[in-house]
Undergrad: 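Below you'll find the structure I mean.
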Amino acid sequence: QVQLVESGGGSVQAGGSLRLSCAASGLIIGDNAMGWYRQAPGRQRGLVAAISGAGTTTYLASVKGRFTISRNNAENTLYLRMNSLKPEDTAVYYCARLVGYTGNYSPLPPWGQGTQVTVST
């Protein structure tokens, strides 16, 4: 049974940084494509960053250069380092296992509970 538990969110001022974590059980992160999604109030959930099983990373254009997705295979944990945060990054962030290929991913359930990121001016 796959379980994903996100943590690390919080409230920061614009320009600040956060590191999100996603602890996985029931799957081996290093053997799967994994991604971070976010959902702001009134908006659809969308993919922010992805890492393939081979380690290829892709990013939403608006976060490229500011966010870094990585994983620790020994800890079976996925990370999202977020720098230079902006108010428009405010959302609930979720991690997910992905199917598909680089540039054409879809999420696989289950979703975790998410972690709230709030960026103030």
Undergrad: Using atom types as modelled and distance alone, determine if a side-chain donor or acceptor of Glu6 lies under 3.5 Å from a backbone N or O of Cys95.
TA: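 A pair under 3.5 Å: yes.
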
Undergrad: Of the non-hydrogen atoms in Thr121 and Pro87, which two are nearest, and what is the gap between them?
TA: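 What the structure gives for the nearest pair is CG2-CG, 3.5 Å.
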
Undergrad: Which residues end up grouped with Leu27 if you chain together Ile, Leu, Val, Met, Phe, Trp and Tyr wherever their side-chain heavy atoms are less than 4.5 Å apart?
TA: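 Besides Leu27, the hydrophobic cluster comprises Val2, Leu4, Val12, Leu18, Leu20, Ile29, Met34, Trp36, Val48, Ile51, Tyr59, Leu60, Val63, Phe67, Ile69, Leu78, Leu80, Met82, Leu85, Tyr93, Val117, Val119, listed by chain and residue number.
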
Undergrad: Heavy-atom distance under 4.5 Å between the side chains of Lys86 and Arg66, does that happen here?
TA: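 The answer is yes, as the side chains (C-beta and beyond) meet within the 4.5 Å cut-off.
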
Undergrad: Does a side-chain heavy-atom distance below 4.5 Å link Ser70 with Arg81?
TA: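 Ser70 does not reach Arg81 side chain to side chain.
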
Undergrad: By the rule that ILVMFWY residues connect when side-chain heavy atoms come within less than 4.5 angstrom, directly or transitively, which residues belong alongside Val99?
TA: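 Besides Val99, the cluster holds Leu108.
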
Undergrad: Do Glu88 and Thr90 have side chains that approach each other closer than 4.5 Å (heavy atoms only, starting at C-beta)?
TA: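 Contact flag for Glu88/Thr90 side chains = no.
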
Undergrad: How close do Arg71 and Ala54 get, counting heavy atoms only, and between which atoms?
TA: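 Shortest heavy-atom contact: NH2-C, 4.1 Å.
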
Undergrad: Is it the case that one hydrophobic cluster holds both Tyr105 and Tyr94, taking links as side-chain heavy atoms less than 4.5 Å apart, direct or via other members?
TA: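 In one cluster: yes.
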
Undergrad: Mark yes when over 12 heavy atoms from residues, nucleotides or ligands other than Gln113 sit less than 6.0 Å from its CD; otherwise mark no.
TA: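 Yes, CD of Gln113 has more than 12 neighbouring heavy atoms, counting only those of other groups under 6.0 Å.
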
Undergrad: Given 3.5 Å as the limit, does a donor-acceptor pair link the side chain of Asn73 with the main chain of Asn76, or not?
TA: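 Judged by distance alone, no pair lies under 3.5 Å.
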
Undergrad: Between Cys22 and Tyr79, is any pair of side-chain heavy atoms under 4.5 Å apart?
TA: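 SC-SC contact between Cys22 and Tyr79 ruled out.
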
Undergrad: Between the side chain of Asn83 and the main-chain N/O of Ser17, is any donor-acceptor distance below 3.5 Å?
TA: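 No: the side chain of Asn83 does not pair with the backbone of Ser17.
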
Undergrad: When rounded to the nearest 0.5 angstrom, what distance separates CZ in Arg38 from CZ in Arg45?
TA: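 It comes to 13.5 Å.
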
Undergrad: I need the minimum non-hydrogen distance between Ala96 and Trp111, along with the two atoms involved.
TA: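 Where Ala96 meets Trp111 most closely, the heavy atoms are CB-CZ3, 3.7 Å.
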
Undergrad: Which pair of heavy atoms, one from Gln116 and one from Ala91, lies closest together, and at what distance?
TA: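 The pair with the smallest heavy-atom distance is NE2-O, 3.4 Å.
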
